[in-house]
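To start, the structure itself, in structure tokens.
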Amino acid sequence: MASRTAAPALPSRLPEAAALFLRHGSPRLLLTCVLLALGVRLSLGRFSMSDLLPVTGLLALWPVQEWLIHVFILHYRPVRILGRTLDFRLPRSHRAHHAEPWRPELVFIPLHSFVYSLPLLAGAWWLVAPTPALAFAGITGHLLLTLHYEWVHFLMHTQVVPQTALYRRLWRNHRLHHFKNEHYWFGVTLLAGDRILGTAPDPKTVVTSSTCRALPGSG
């Protein structure tokens, strides 16, 4: 894998990585939203074991959600309709990320996507949760998992050496996606989605793709 080509300016220690992480808009916005949602949940009171239900549901669905977003949104291929190309900002940003995986600003969720994703997130939890307290428990958990996603994904594109077995698995899985074959290994923070949906083959059985760094539509 081409991970050895990492830009030397990227952080190699966690304190340096954390400082760079917090200089970007998406982590700061997510951290602010987490604190606000948690504050609302705490103000509502009436805590019970029911607060664990949204978290349990999130952990069960998160691997599949990561997979679906990665496959159908981030790896969306532009299509020609009536002589015009239909494309979107998120997949364009992701194609740029594949082309330049060591540029930190391309690692993060684009800020423009929060304009619609945050209201959709809040509205969905408000609709499915039976009480405001459980809705904000779900919103807080969802935002925390998203912030965790940003942190893990960011670390995978630095020179921080994996120290735990879990992070080594995540690191290897994501590097395979970027430098072995972009059609597999879509999980970032939880890998069950790849196992469930058949995109976690033995790397020895997969040919190295020539388009890992130039996804279709990159121009």
Side-chain angles (χ1 to χ4, degrees), residues 11 14-15 17-70 73-74 90 93-94 97 104-105 107-158 160 162-171 173-174 186-194 196:
L14 280 176
L20 180 58
F21 180 74
L22 291 173
R23 286 204 291 269
H24 287 84
S26 171
R28 293 201 303 266
L29 175 61
L30 284 167
L31 183 58
T32 300
C33 289
V34 165
L35 294 175
L36 289 173
L38 179 60
V40 174
R41 175 63 194 95
L42 292 173
S43 71
L44 292 171
R46 300 179 66 85
F47 298 100
S48 71
M49 293 298 292
S50 297
D51 284 285
L52 297 177
L53 292 175
V55 177
T56 303
L58 273 170
L59 290 174
L61 292 173
W62 194 264
V64 176
Q65 174 187 275
E66 271 192 1
W67 193 95
L68 291 172
I69 290 174
H70 203 159
I73 297 179
L74 301 184
L90 270 177
S93 175
H94 193 69
H97 170 53
E105 63 270 24
V107 170
F108 299 103
I109 298 171
L111 283 174
H112 73 83
S113 67
F114 290 109
V115 173
Y116 51 85
S117 63
L118 288 177
L120 285 172
L121 168 65
W125 276 108
W126 198 259
L127 286 173
V128 301
T131 67
L134 287 181
F136 274 95
I139 292 169
T140 303
H142 209 124
L143 291 168
L144 273 172
L145 285 176
T146 306
L147 181 61
H148 175 248
Y149 170 94
E150 288 285 76
W151 172 241
V152 170
H153 187 214
F154 168 72
L155 283 181
M156 290 171 179
H157 291 276
T158 68
V160 175
Q163 297 297 314
T164 66
L166 172 61
Y167 180 51
R168 282 195 294 272
R169 285 197 300 273
L170 297 176
W171 182 92
N173 197 77
H174 196 62
F186 294 102
V188 176
T189 64
L190 293 171
L191 306 183
D194 282 314
I196 294 169

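Nearest heavy-atom pair across S50 and L134 is O-CD2, 3.3 Å. The minimum heavy-atom distance linking D194 with G187 is given by the pair OD2-N, 2.7 Å. For the pair H97 and V107, the tightest heavy-atom approach, listed with the atom from each and the gap, is CE1-CG2, 3.9 Å.
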Practice task
Please lay out, stage by stage, how L30 and F114 fare under the test side chain to side chain contact (heavy atoms under 4.5 Å, CB included).
Solution key: CA-CA 9 Å; L30 284 167; F114 290 109; 3.8 Å; yes

Practice task
Check step by step if side chain to side chain contact (heavy atoms under 4.5 Å, CB included) holds for H70 and H94.
Solution key: CA-CA 9 Å; H70 203 159; H94 193 69; 3.3 Å; yes

Practice task
Check the pair L144 / H148 against side chain to side chain contact (heavy atoms under 4.5 Å, CB included), numbers first and verdict last.
Solution key: CA-CA 6 Å; L144 273 172; H148 175 248; over 6 Å; no

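The stretch residues 30-54 participates, sequence neighbours left out, in no ring-ring contact (aromatic ring centres under 6.0 Å, His included) pair at all.
The side chain to side chain contact (heavy atoms under 4.5 Å, CB included) search around T32 returns L36, not counting sequence neighbours. Every residue two or more places apart in sequence or in another chain that forms a salt bridge (charged side-chain N to carboxylate O under 4.0 Å, His left out) with D51 is listed here: R41. For W126, the side chain to side chain contact (heavy atoms under 4.5 Å, CB included) criterion is met by P132, A135, F136, not counting sequence neighbours.
The CG atom of N173 sits 4.5 Å away from the CG atom of L191 when rounded to the nearest 0.5 Å. Note: F21 CZ to W151 CH2 = 6.5 Å, rounded to the nearest 0.5 Å. Rounded to the nearest 0.5 angstrom, L143 CG and L35 CG are separated by 10.0 Å. For the atom pair CH2 (W171) and NE2 (H157), the distance works out to 11.0 Å, reported to the nearest 0.5 Å. A distance of 9.5 Å separates NE2 of H153 from CD1 of I109, quoted to the nearest 0.5 Å.
Here the side chain of H174 pairs no donor or acceptor atom with the backbone of V188 at under 3.5 angstrom. Proximity of a side-chain donor or acceptor of Y167 to a complementary backbone N or O of L155 within less than 3.5 Å is detected. Between the S113 side chain and the P110 main chain, a donor and an acceptor come within less than 3.5 Å of each other.
With a 4.5 Å cut-off on side-chain heavy atoms, L118 and C33 count as touching.
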Just distance, no hydrogens or angles: give the donor-acceptor pairs under 3.5 Å from side chains in residues 52-62, sequence neighbours left out.
from : atom 1 : to   : atom 2 : distance (Å)
T56  : OG1    : L52  : O      : 2.8
W62  : NE1    : E66  : OE2    : 3.0
W62  : NE1    : T189 : OG1    : 3.3

Would you give me the side-chain donor-acceptor pairs under 3.5 Å for residues 22-29, sequence neighbours excluded?
from : atom 1 : to   : atom 2 : distance (Å)
H24  : ND1    : L20  : O      : 3.0
S26  : OG     : E150 : OE2    : 2.5
R28  : NH1    : L22  : O      : 3.2
R28  : NH1    : R23  : O      : 2.7

